[in-house]
Amino acid sequence: MKSIGLDTSGKMIVKGPQKAKGTLTVSGAKNAVLPIMGASLLTDDDIDLRNVPDLADVRTMIEILESAGKVIERFDDQLIIKSSGNINSEIPYEPVRKMRASFNVYGPLTLRNGYAKVALPGGCSIGARPVDFHLEGLKKLGIESTIEHGFVTSKLNNPNSFINISLPFPSVGATEHVLTTACLLEGVKTTITNCAIEPEVTDLVNFLNKMGAKITGGGTSILKIEGVKKLSGVKYTIIPDRIEAGTYIILGKLVGEKLTIKNVSAEHLNSLFSVFDNIGSPVDYDEKKREVKVSETLLNPLNSISMETAPFPGFPTDLQPQITTFLSLVPGRSTITETVFKSRFYHIDELNRMGAKIRVEDNTAIIEGVNKLSGAPVEATDLRAAAALLIAGLVAEGETIISNVDHIFRGYENIHEKLEQVGIELIYEK
Ligand code: EPU
């Protein structure tokens with residue numbers, strides 16, 4: 001395996017402007033595969049996953065599953081998760097620090113072992129990310145949690161037979177965590193309202209039902225779960241990554257030259273498509289082939305827009321930094337209000353160093369379109385910020401050096417190689 005991860009602070013040198021010409025293929029969805037891998041802890045049978053991207057976050061989840069007693073085999077995009085016969089339900093700080101999604105093994109491990117001790121995730125460079133909704137939901141399922149010395153420790157009580165959980169916000173992680181745990185509470189009927197309806201949550205619902213769970217309401221904001229005694233092994237193919245697809249579409253709108261993006265699920269990207277409709281540059285999608293053809297659009301007359309991020313089906317926060325890069329080059333004043341992670345704006349200062357004119361007021365970025373960006377040394381603070389800066393570097397004049405770029409390998413499989421295949425030259429230095 002190539003060495004990718006968060007433990008080095010690599011640099012990406014981008015000499016702009018460049019053009020992307022050829023075909024990019026979208027990989028399996030990071031945010032779908034991670035909770036699905038976590039849910040493998042509900043069974044001792046083999047789980048056989050396909051379309052699994054090779055990402056730093058997937059490797060972190062492999063590490064966690066191995067420390068919890070699973071044995072993992074990987075062949076290309078296939079991941080087989082087997083049981084070693086033992087379950088260890090204590091997960092140390094290191095992997096949880098690297099990736100908050102790892103916290104979602106806490107509920108399943110508690111049910112399998114009667115107890116779990118998992119590091120409490122810390123702060124994060126996209127804003128506050130507490131786990132109070134998770135712990136309150138799990139408490140209703142009979143899981144009492146104590147927080148001490150940075151760890152959450154559980155005690156399993158007998159749950160009621162009928163449980164109603166209403167999430168204060170449609171949190172993706174809390175929906176997935178509570179839902180997964182409720183599946184194995186034999187005979188217990190749980191209703192979760194105000195659920196997240198992101199496609200990745202629906203993929204998890206489909207996966208769990210294939211394992212033998214009894215969940216109804218997939219794709220809606222009310223999930224009903226009838227707990228079962230046992231879940232079984234399953235073969236399952238992960239959905240394509242809508243955020244990777246969206247990132248490459250935005251990249252293509254700035255530097256594409258007849259760029260084709262394959263394996264795109266347009267039904268997951270309506271909000272991005274309507275943003276481009278409003279900007280005046282519709283996305284050319286072939287439904288039969290499930291592919292987008294995209295070319296540079298900046299020479300066309302474009303409209304500035306006002307938009308906001310929101311839970312699905314709204315515009316994803318995970319595409320906010322990338323669309324900010326795009327809007328920084330659209331004439332006029334655009335605004336983006338961030339309603340999911342209200343301080344996810346650390347990329348703005350970096351874009352401004354490249355000549356963008358953006359200011360942040362409360363949770364809104366106010367963007368005055370400029371006619372060019374210029375290369376500069378910048379720093380990536382998280383995965384999507386790294387993607388936004390890489391796109392900016394490709395369209396800018398001169399050299400951009402993105403430090404801490406390794407974040408990008410958490411969410412974009414083989415991005416360096418994929419972009420090379422469409423004619424983009426990047427220099428990566430460890
Ligand atoms: N929140 C709470 N308490 C909780 C949980 C969430 O206050 O217990 C708040 C958060 O602080 C945030 C909002 O609820 O303001 C939404 O957070 P959510 O729980 O939905 O986010 P998440 O599950 O931690 C997942 C993705 C993120 C993506 C968000 C929103 C995974 C592994 N991660 O995070 O993906 O931004 O949903 O769609 O699924 C990324 O891929 O770059 C990424 C950050």
Side-chain angles (χ1 to χ4, degrees), residues 6 27-39 53 55-58 60-61 64 95-96 98-107 120-139 145 147 152 165-180 192 194-204 221 238-239 241-247 268 271 308-322 337-347 363 380-388 407-413:
L6 278 179
S27 303
K30 165 178 90 78
N31 290 346
V33 76
L34 294 174
I36 285 177
M37 288 172 73
L55 298 170
D57 278 9
V58 169
T60 302
M61 191 51 111
I64 288 166
V96 185
K98 280 195 218 162
M99 185 187 74
R100 297 175 49 90
S102 47
F103 184 67
N104 284 26
V105 300
Y106 175 70
L120 191 63
C124 173
S125 56
I126 62 173
R129 292 178 81 183
V131 287
D132 49 339
F133 306 160
H134 298 232
L135 297 183
E136 279 157 29
L138 293 177
K139 191 172 175 189
S145 300
I147 300 176
V152 193
I165 297 167
S166 175
L167 294 173
F169 183 89
S171 152
V172 172
T175 303
E176 293 169 343
H177 198 174
V178 174
L179 157 74
T180 304
I192 317 175
N194 200 25
C195 292
I197 55 168
E198 268 64 6
E200 295 76 21
V201 177
T202 309
D203 210 33
L204 175 66
S221 60
I238 306 295
I239 54 169
D241 195 308
R242 66 192 165 105
I243 306 300
E244 186 192 12
T247 301
H268 300 160
S271 59
E308 62 172 35
T309 65
F312 191 83
F315 189 88
T317 174
D318 292 341
L319 286 175
Q320 182 260 108
Q322 302 89 313
T337 300
E338 176 57 71
T339 74
V340 180
F341 292 109
K342 293 188 176 164
S343 55
R344 190 178 201 170
F345 287 121
Y346 295 96
H347 49 286
N363 59 332
T381 46
D382 78 273
L383 148 66
R384 309 303 172 188
H407 289 290
I408 211 163
F409 302 123
R410 296 185 54 188
Y412 294 93
E413 185 180 42

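Computation of the quantities below employed the complete heavy-atom set of this structure, encompassing side-chain atoms and omitting hydrogens, waters and symmetry-equivalent molecules. Only a predicted model underlies this, so the values are computations on that prediction, with no experimental measurement involved. Each ligand, and each atom within it, is numbered from 1 in the order the structure gives.
Taking every heavy atom of Leu383 and a limit of under 4.0 angstrom, the matching atoms of ligand 1 come to 42 (O). Distances below 4.0 Å separate heavy atoms of Ala101 from the following atoms of ligand 1: 32 (C). Ligand 1 places these atoms under 4.0 Å from at least one heavy atom of Gly173: 19 (O), 23 (O). Of all atoms in ligand 1, numbered sequentially from 1 with element shown, those under 4.0 Å from a heavy atom of Lys30 are 40 (C), 41 (O). Distances below 4.0 Å separate heavy atoms of Arg344 from the following atoms of ligand 1: 36 (O), 42 (O), 44 (C).
At a heavy-atom cutoff of 4.0 Å, ligand 1 is contacted by no atom of Lys342, backbone or side chain. Residue contacts with ligand 1, taken as heavy atom pairs separated by less than 4.0 Å, involve Thr317 solely via side-chain atoms from C-beta onward. Contacts of Phe169 with ligand 1, taken as heavy-atom pairs under 4.0 Å, involve the side chain alone. At a heavy-atom cutoff of 4.0 Å, ligand 1 is contacted by both the backbone and the side chain of Pro130. Contacts between Asp57 and ligand 1, counted as non-hydrogen atom pairs separated by less than 4.0 Å, are absent for every part of the residue.
Not a single heavy atom of Arg100 sits closer than 4.0 Å to an atom of ligand 1. Using a non-hydrogen distance threshold of 4.0 Å, Glu136 does not register as a contact of ligand 1. Heavy-atom distances between His134 and ligand 1 reach below 4.0 Å in at least one pair.
Considering Val172, Leu34, Leu319 only, the shortest heavy-atom separation from atom 20 (O) of ligand 1 involves Val172. Comparing Gly314, Ser171, Ala29 against atom 6 (C) of ligand 1, the shortest heavy-atom distance belongs to Ser171. Looking at Leu167, Asn31, Val33 and measuring to atom 39 (O) of ligand 1, the nearest heavy atom belongs to Asn31.
For Glu176 against Asn104, the heavy-atom pair with the smallest separation is CB-ND2, 4.1 Å. Shown here for Pro121 and Val131, the closest heavy-atom pair between the two residues is CG-CG1, 3.9 Å.
Remark: ligand 1 and Ala174 share no N or O pair separated by less than 3.5 Å (distance only, no angle test). Residue Asp132 has at least one nitrogen or oxygen atom sitting less than 3.5 Å from a nitrogen or oxygen atom of ligand 1, judged on distance alone.
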Working for salt bridge (Lys or Arg N to Asp or Glu O under 4.0 Å), residues Arg344 and Asp382: CA-CA 10 Å; Arg344 190 178 201 170; Asp382 78 273; 3.7 Å; yes
Evaluation steps, side chain to side chain donor-acceptor pair (under 3.5 Å), between Glu308 and Thr339: CA-CA 7 Å; Glu308 62 172 35; Thr339 74; 5.2 Å; no
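Applying the salt bridge (charged side-chain N to carboxylate O under 4.0 Å, His left out) rule to Arg242 yields the partners Glu200; only residues at least two apart in sequence or on another chain are considered. Every residue two or more places apart in sequence or in another chain that forms a side chain to side chain donor-acceptor pair (under 3.5 Å) with Ser145 is listed here: Tyr106.
Proximity of a side-chain donor or acceptor of Glu244 to a complementary backbone N or O of Ser27 within less than 3.5 Å is detected. No donor-acceptor pair under 3.5 Å is formed between the side chain of Thr381 and the backbone N or O of Tyr346.
In this structure, CG in Asp203 is found 4.0 Å from CD1 in Ile239, a value given to the nearest 0.5 Å. The distance from atom CZ of Phe103 to atom NE2 of His134, rounded to the nearest 0.5 Å, is 7.0 Å. From Ile197, atom CD1 reaches atom OG1 of Thr175 across 10.0 Å, with rounding to the nearest 0.5 Å.
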